[in-house]
Amino acid sequence: IVNTLMLADRYTNAMHGIETHNKNLENTVAERTAELREANSRIAAKEQQLRDLVSGISHDLKTPLTVVSLNLERLTDEEEELSREDARRYAAVAYQRTLDLKRLTRGLFDAVRMEVSPSAPNLSWKHLATLMDEVYHRYADYIEEEGVVLTVYYKQHMGVLADEERRWSVFGNISGNALRYTPAGGSINVAAEWSGTEHVKISITDTGSGMLPEQLPYIFEKYYKAD
């Protein structure tokens with residue numbers, strides 16, 4: 001009887017050891033599976049970021065390339081007689097858009113660098129009147145060529161602290177979208193006003209088709225584009 005009890009005890013201990021080992025093995029497999037899933041998720045996220053970057057590049061380059069092409073086409077059109085003033089104006093617009101292309105190209109390298117080591121914005125002061133005047137002269141010609149009226153409004157006289165490159169990137173993207181969805185005969189308005197705090201509120205509104213209410217929560221997602 002004693003031997004039987006001893007064998008039973010050993011058997012019980014052995015089974016307990018096997019169960020513990022199996023449990024540990026299951027936990028290890030579960031942990032490794034979770035790690036693999038997380039790694040796959042990170043890879044998928046990086047791939048999506050790459051697709052978003054390519055989409056964003058295409059989106060950002062479309063407007064200045066179109067404007068440069070249209071203005072150079074007018075300058076080289078032998079059937080269209082241009083005055084010296086018109087030729088100068090078309091050339092100036094094309095030149096400004098090539099500067100935008102240069103900025104966007106540099107922005108690509110900056111975006112890659114920021115992914116590796118994010119940097120602080122390069123802030124500089126500019127008088128609000130000067131900024132709004134630059135906004136008008138940068139975008140009025142190609143907007144009004146599409147039969148859309150551009151108006152610029154500001155009331156207060158103050159300085160604006162912002163990153164020069166990023167500022168024009170924002171203006172270019174939003175004004176390009178406004179023009180894309182505003183039919184001829186419509187209008188685009190750029191207005192600046194003091195928000196009552198330490199910030200200046202700049203709004204760009206248009207008479208275009210607008211967005212559906214269910215699309216509004218996504219407008220600040222990177223590269224979001226409504227159907």
Side-chain angles (χ1 to χ4, degrees), residues 56-57 59-68 70-72 83-111 113-114 117-182 186-208 210 219-220 222-223:
I57 293 170
H59 178 270
D60 288 348
L61 293 179
K62 184 175 181 179
T63 297
L65 282 173
T66 300
V67 174
V68 169
L70 288 174
N71 282 274
L72 292 180
S83 66
R84 185 179 182 86
E85 178 61 24
D86 285 340
R88 186 203 64 77
R89 182 163 57 87
Y90 291 144
V93 172
Y95 174 68
Q96 286 295 329
R97 297 293 79 76
T98 59
L99 294 181
D100 286 344
L101 289 172
K102 181 180 179 181
R103 172 185 57 76
L104 290 170
T105 303
R106 185 167 60 249
L108 296 179
F109 295 101
D110 291 341
R113 185 175 66 250
M114 289 178 67
S117 178
S119 59
N122 183 22
L123 302 178
S124 61
W125 284 99
K126 178 165 288 189
H127 196 280
L128 182 60
T130 302
L131 173 62
M132 300 301 283
D133 185 62
E134 290 179 357
V135 168
Y136 182 82
H137 286 93
R138 272 179 178 255
Y139 303 113
D141 285 335
Y142 85 87
I143 287 178
E144 293 178 355
E145 284 289 340
E146 300 298 324
V148 177
V149 176
L150 174 65
T151 59
V152 173
Y153 171 82
Y154 65 95
K155 186 175 181 181
Q156 292 86 359
H157 293 270
M158 63 187 70
V160 178
L161 181 64
D163 186 293
E164 183 79 7
E165 297 293 336
R166 298 178 187 181
R167 176 168 52 207
W168 290 120
S169 177
V170 172
F171 275 122
N173 286 337
I174 298 180
S175 63
N177 284 334
L179 180 61
R180 189 171 299 115
Y181 297 104
T182 301
S187 63
I188 297 173
N189 180 63
V190 182
E193 60 180 343
W194 182 46
S195 66
T197 60
E198 296 180 350
H199 302 91
V200 173
K201 176 183 177 182
I202 298 179
S203 60
I204 300 178
T205 57
D206 61 72
T207 57
I219 60 175
F220 291 111
K222 196 173 184 181
Y223 305 129

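As the structure is a computational prediction, the values presented were derived from the model and not from experiment. Each residue takes its place number in the sequence, starting with 1. FYI, side chains are in, hydrogens and waters are out, and symmetry mates aren't considered; it's all heavy atoms of this structure.
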Discussion item. Show, in sequence, the C-alpha distance, side-chain angles and deciding distance for Met158 and Trp194, and conclude whether the side chain to side chain contact (heavy atoms under 4.5 Å, CB included) test is met.
Written reply: CA-CA 9 Å; Met158 63 187 70; Trp194 182 46; 3.6 Å; yes

Output the distance between atom [atom1] ([X]) and atom [atom2] ([Y]), rounded to the nearest 0.5 Å.
{"X": "Thr205", "Y": "Tyr153", "atom1": "OG1", "atom2": "OH", "answer": "13.0 Å"}
{"X": "Arg89", "Y": "Glu145", "atom1": "CZ", "atom2": "CD", "answer": "6.0 Å"}
{"X": "Thr130", "Y": "Trp125", "atom1": "OG1", "atom2": "CH2", "answer": "13.5 Å"}
{"X": "Lys126", "Y": "Glu134", "atom1": "NZ", "atom2": "CD", "answer": "3.5 Å"}
{"X": "Ile188", "Y": "Glu144", "atom1": "CD1", "atom2": "CD", "answer": "10.0 Å"}
{"X": "Leu161", "Y": "Glu198", "atom1": "CG", "atom2": "CD", "answer": "10.5 Å"}

Item to complete: Apply the test side chain to side chain contact (heavy atoms under 4.5 Å, CB included) to residues Val135 and Trp168: give CA-CA distance (whole Å), side-chain angles for both, the deciding distance (0.1 Å), then the verdict.
Response: CA-CA 9 Å; Val135 168; Trp168 290 120; 3.8 Å; yes

Nearest heavy atoms of [X] and [Y], plus distance in Å:
{"X": "Ser124", "Y": "Glu164", "answer": "OG-OE1, 4.3 Å"}
{"X": "Gly186", "Y": "Thr207", "answer": "CA-OG1, 3.2 Å"}
{"X": "Leu72", "Y": "Ala94", "answer": "CD2-CB, 4.3 Å"}
{"X": "Ala129", "Y": "Tyr154", "answer": "CB-OH, 3.3 Å"}
{"X": "Ile202", "Y": "Ala192", "answer": "CG1-CB, 4.0 Å"}

Fill in: Steps toward side chain to side chain contact (heavy atoms under 4.5 Å, CB included) verdict (Phe171, Leu131)
CA-CA 11 Å; Phe171 275 122; Leu131 173 62; 4.2 Å; yes

Practice prompt. Sort out for me which residue in Val67, Asn71, Val93 forms a side chain to side chain contact (heavy atoms under 4.5 Å, CB included) with Asp141.
Written response: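 Of all the options given, the one that passes is Val93.
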
Using atom types as modelled and distance alone, determine if a side-chain donor or acceptor of [X] lies under 3.5 Å from a backbone N or O of [Y].
{"X": "Thr182", "Y": "Leu179", "answer": "no"}
{"X": "Arg88", "Y": "Ser83", "answer": "no"}
{"X": "Ser187", "Y": "Val149", "answer": "no"}
{"X": "Asp163", "Y": "Asn122", "answer": "yes"}

Practice prompt. Could you go through the side chain to side chain contact (heavy atoms under 4.5 Å, CB included) check for Leu70 and Glu146 one step at a time?
Written response: CA-CA 11 Å; Leu70 288 174; Glu146 300 298 324; 4.1 Å; yes

